[in-house]
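Just follow the structure's listing: the first ligand is 1, and inside any ligand the first atom is 1. Quick note: residue numbers are just sequence positions, from 1. Any value given below was found using the heavy atoms of this structure, including those in side chains, with hydrogens, waters and symmetry copies removed.
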Amino acid sequence: MLSTGWIASVFVKDLLINPELRSSSDVSHTVVAVASSSSKANADKFIRETGIPGPCASYGSYEELVADPNVDVVYVATPHSHHFQNVMLVLGSGKHVLCEKAFTVNATQAKILCETAKKKNLFLMEAVWTRYFPLSVQIRELIRKGEIGEVLRVVADNSFGDDVEQKWGTKHRMVNKDLAGGCLLDLGIYSLTWVFQTLYHTLPREQRKPPSSVSAHMSLYHLTGADEATNILLTFPTSTPSNSAPPHQSHAVAMTNLRIASDPGQNRSSGPSIRISGTKGEIQVFGPAFRPEKYKIIPARQEGQETPAVKEVECQFPGNGMGMYWEADEVARCIRDGKLESDTMPWEESIVIMEVMDEVRRQGGLTYPEKIESTAYPVQM
Ligand SMILES: NC(=O)C1=CN([C@@H]2O[C@H](COP(=O)(O)OP(=O)(O)OC[C@H]3O[C@@H](n4cnc5c(N)ncnc54)[C@H](OP(=O)(O)O)[C@@H]3O)[C@@H](O)[C@H]2O)C=CC1
Ligand SMILES: O=C1OC[C@@H](O)[C@H](O)[C@H]1O
């Protein structure tokens with residue numbers, strides 16, 4: 001564990017849940033070391049409070065962690081601003097990496113990380129946990145099988161509804177530009193995840209094409225200049241149909257907002273956060289875009305036929321976990337099988353999504369300090 005922040009504690013608690021409860025009998029996880037950049041005492045406190053069973057080493061620096069010979073793979077859970085430097089440190093020590101989203105601050109940094117992992121023959125993955133939910137796997141499969149026909153529109157929202165000044169102030173990583181804050185990199189990435197995992201990832205690899213157009217609007221937070229609202233419109237070229245009919249285009253809308261919420265009542269009364277619309281029906285996903293809870297398949301009614309039955313599927317979270325264990329299982333399996341990247345979150349796709357976010361920031365006028373956009377390594381942060 002590289003960092004002892006909020007998500008590190010959520011992730012580690014999921015790691016400690018018996019994998020057999022989720023029918024994962026082929027892999028298991030052992031937390032062998034925790035490092036905090038602030039102090040060894042902080043790492044000790046994290047081990048105590050999260051209930052990691054011994055033996056588990058504690059370190060007061062990331063450098064000590066990566067030198068520990070018992071460590072196979074490091075989970076990087078620092079702010080976005082630090083991912084590039086931290087992942088370079090881990091890869092440099094010869095260890096595999098699972099790095100929190102957003103992968104890096106920009107696409108050039110992401111490319112360098114992937115090239116470095118390849119050169120060193122190490123596994124590397126952006127921790128987009130939502131992709132590993134059984135619900136996501138099922139939805140991608142339904143789309144591939146043509147259950148809702150040709151998908152021509154995806155609308156995805158991941159918005160919070162916060163009193164931004166009160167809740168995030170100016171220093172919190174959510175709004176602090178020194179930590180690559182803003183809703184695009186933190187929350188919009190999930191809206192883009194839904195767009196990409198439905199319109200891009202469902203195609204055979206050789207047919208996946210980056211969006212042919214990206215247009216974005218951003219509103220910047222008056223106290224820090226980080227984005228507090230971002231809306232993106234994307235166009236994807238679809239593959240040429242086999243019957244030589246002209247190819248259609250698919251459109252996507254990816255939204256994120258700190259001041260208004262996807263579910264303002266926080267009572268799941270707001271309808272779907274994601275709508276995947278195809279020529280033969282629609283899949284609606286309910287719950288936060290990062291932790292979806294349920295989906296519905298709504299077949300299109302055919303002329304002269306009865307209203308078709310809607311199918312509803314709930315996501316189960318075995319062992320009362322958060323749902324981060326599914327991505328952890330993927331990491332374990334990939335490393336066991338000698339893979340350098342996960343097929344579900346391939347390097348190329350992380351890079352294409354970072355390129356989209358670079359373009360969105362360019363159009364929205366959001367820049368970050370030179371030091372954290374830098375591709376130099378090592379840089380003292
Ligand atoms: N997958 C998911 O659902 C979620 C993912 N995330 C992602 O995880 C990452 C961390 O988020 P979160 O846990 O909420 O953040 P926190 O602020 O809670 O934790 C970040 C940790 O990073 C370490 N750190 C190192 N350098 C700095 C620095 N200069 N400023 C602040 N922290 C520093 C600290 O740990 P230490 O002192 O121990 O070194 C700190 O506790 C982000 O990339 C975020 O996008 C966040 C929430 C949910
Ligand atoms: O990745 C995330 O998902 C869950 C949110 O609560 C968090 O802010 C974000 O970083």
Task: Residue selection (non-hydrogen contact nearest atom 39 (O) of ligand 1) among Y59, W6, F11, Y62 - done: Y62
Open item on the list: Among all the protein's non-hydrogen atoms, which is closest to atom 9 (C) of ligand 2, and how far away is it?
Closed with: D186 OD2, 3.2 Å
Task: Within 6.0 angstrom of K45 NZ, more than 12 heavy atoms from elsewhere - done: no
Open item on the list: Test ring pair (Phe, Tyr, Trp, His ring centres under 6.0 Å) on Y75 and F11; report intermediate values, then the result.
Closed with: CA-CA 9 Å; Y75 171 60; F11 180 77; 3.8 Å; yes
Open item on the list: Test of understanding: given a 4.0 Å heavy-atom threshold, classify the contact between L179 and ligand 1 as side chain, backbone, both, or neither.
Closed with: side chain
Open item on the list: If you take the centroid of each ring, where Trp contributes its six-membered ring, are F196 and F236 closer together than 6.0 Å?
Closed with: yes
- [ ] Is it possible for you to check whether R291 lies under 6.0 Å from the centre of the six-membered ring of F317, through NZ or CZ, and within 45° of that ring's axis?
- [x] yes
Task: Approximate separation, where rounding is to 0.5 Å, of N257 CG and L187 CG - done: 9.5 Å
- [ ] Check ligand 2 against F160 and write out every atom of the ligand that is under 4.0 Å from a heavy-atom position of the residue.
- [x] 5 (C), 6 (O), 8 (O)
Task: atom 5 (C) of ligand 1 [closest protein heavy-atom partner, distance rounded to 0.1 Å] - done: E100 OE1, 3.2 Å
Task: N or O contact, W129 vs ligand 2, cut-off under 3.5 Å - done: no
- [ ] Show which atoms of ligand 2 fall inside a sub-4.0 Å distance from at least one heavy-atom site of K101.
- [x] 1 (O), 2 (C), 9 (C), 10 (O)
Task: Contacting atoms of ligand 1, where contact means under 4.0 angstrom from a heavy atom of M324 - done: 1 (N), 2 (C)
Open item on the list: Taking R268 first and then E293, would you say they form a salt bridge - that is, a charged N and a carboxylate O separated by under 4.0 Å?
Closed with: yes
TODO: Specify whether F290 and W129 have parallel, tilted or perpendicular ring planes, treating 30° as the upper limit for parallel and 60° as the lower limit for perpendicular.
DONE: parallel
TODO: Return the residue, atom name and 0.1 Å-rounded distance of the protein heavy atom closest to atom 46 (C) of ligand 1.
DONE: R173 NH2, 3.2 Å
Open item on the list: Closer than 4.0 Å to some heavy atom of H83 - which atoms of ligand 1 meet that?
Closed with: 43 (O)
TODO: Answer yes or no: are there more than 12 heavy-atom neighbours, outside D163 itself, under 6.0 Å from its atom CG?
DONE: yes
Task: Non-hydrogen atom of E100 closer than 4.0 Å to ligand 2 - done: no
TODO: Answer with side chain, backbone, both or neither: which part of D186 has a heavy atom less than 4.0 angstrom from an atom of ligand 1?
DONE: side chain
- [ ] Could you tell me whether W129 approaches ligand 1 through its side chain, its backbone, both or neither, with non-hydrogen atoms closer than 4.0 Å?
- [x] side chain
Open item on the list: Less than 4.5 Å apart, side chain to side chain, heavy atoms only: is that true for V71 and V66?
Closed with: no
TODO: Could you list the atoms of ligand 1 found under 4.0 angstrom from a heavy atom of S37?
DONE: 25 (C), 36 (P), 37 (O), 38 (O), 39 (O)
TODO: Would you mind reporting whether P272 and V285 have side-chain heavy atoms less than 4.5 Å apart?
DONE: no
Task: Closest approach of any protein heavy atom to atom 43 (O) of ligand 1, naming residue and atom - done: K101 O, 2.9 Å
Open item on the list: I'd like to know if H80 contacts ligand 2, where contact means a heavy-atom distance under 4.0 Å to any ligand atom.
Closed with: no
Open item on the list: Quick check on Q266: does its CD atom have over 12 non-hydrogen neighbours (other residues, nucleotides or ligands) under 6.0 Å away?
Closed with: no
Task: Minimum-distance protein heavy atom relative to atom 28 (C) of ligand 1 - done: H82 NE2, 3.9 Å
- [ ] Please confirm whether the backbone N or O of G188 pairs with a side-chain atom of N158, one donor and one acceptor, at under 3.5 Å?
- [x] no
Task: Under-4.0 Å heavy-atom contact with ligand 1, by part of A77 that carries it - done: backbone
- [ ] May I ask you to identify the nearest protein heavy atom to atom 41 (O) of ligand 1, giving residue, atom name and distance to one decimal place in Å?
- [x] G5 CA, 3.2 Å
Open item on the list: Nearest 0.5 Å, please: how far is CE in M125 from CG in L340?
Closed with: 13.5 Å
Open item on the list: So if I count the atoms of ligand 2 from 1 in the order they appear, which ones are less than 4.0 Å from some heavy atom of R173?
Closed with: 10 (O)
TODO: Return yes when M322 approaches ligand 1 closer than 4.0 angstrom through a heavy atom, no otherwise.
DONE: no
Open item on the list: Heavy-atom distances under 4.0 Å decide this one: backbone, side chain, both or neither, for Y190 against ligand 1?
Closed with: side chain
- [ ] Heavy-atom contacts with H80 under 4.0 Å: which atoms of ligand 1 show up? List them by number with element.
- [x] 42 (C), 43 (O), 44 (C), 45 (O)
Task: Contact atoms of ligand 1, heavy-atom distance to T78 under 4.0 Å - done: 9 (C), 10 (C), 22 (O), 23 (C), 42 (C), 43 (O)
- [ ] State, with a plain yes or no, whether a side-chain heavy atom of W168 is found less than 4.5 Å away from one of D162.
- [x] yes
TODO: Output the list of atoms in ligand 2 that are nearer than 4.0 Å to some heavy atom of Y190, sorted by atom number.
DONE: 1 (O), 2 (C), 3 (O)
Open item on the list: Is it true that, when you exclude R153 itself, more than 12 heavy atoms of the residues, nucleotides or ligands shown sit nearer than 6.0 Å to its CZ?
Closed with: no
TODO: Identify the protein heavy atom lying closest to atom 38 (O) of ligand 1, giving its residue, its atom name and the separation to 0.1 Å.
DONE: T4 OG1, 2.5 Å
Task: Flag side-chain contact, heavy atom, 4.5 Å: L113 against T104 - done: yes
TODO: Please work out whether any backbone atom (N, CA, C, O) or any side-chain heavy atom from C-beta onward of M174 is under 4.0 Å from ligand 2, and answer side chain, backbone, both or neither.
DONE: side chain
Task: salt_bridge(E126, R131) N-O dist < 4.0 Å - done: no
Task: Candidate with minimal heavy-atom separation from atom 32 (N) of ligand 1, of S81, G181, P79 - done: P79
- [ ] Starting from atom 48 (C) of ligand 1, find the nearest protein heavy-atom neighbour and note its residue, name and distance.
- [x] I7 CD1, 3.2 Å
TODO: Determine whether the side chain, the backbone, both or neither of F46 has a heavy atom under 4.0 Å from any heavy atom of ligand 1.
DONE: neither
TODO: Note the single closest protein heavy atom to atom 21 (C) of ligand 1, along with its residue, its atom name and the distance in Å.
DONE: S3 OG, 3.6 Å
Open item on the list: Can you tell whether the side chains of E165 and R259 come within less than 4.0 Å, N to carboxylate O?
Closed with: yes
Open item on the list: One residue to check: M381. Relative to ligand 1, which of side chain, backbone, both or neither has a non-hydrogen atom less than 4.0 Å away?
Closed with: neither
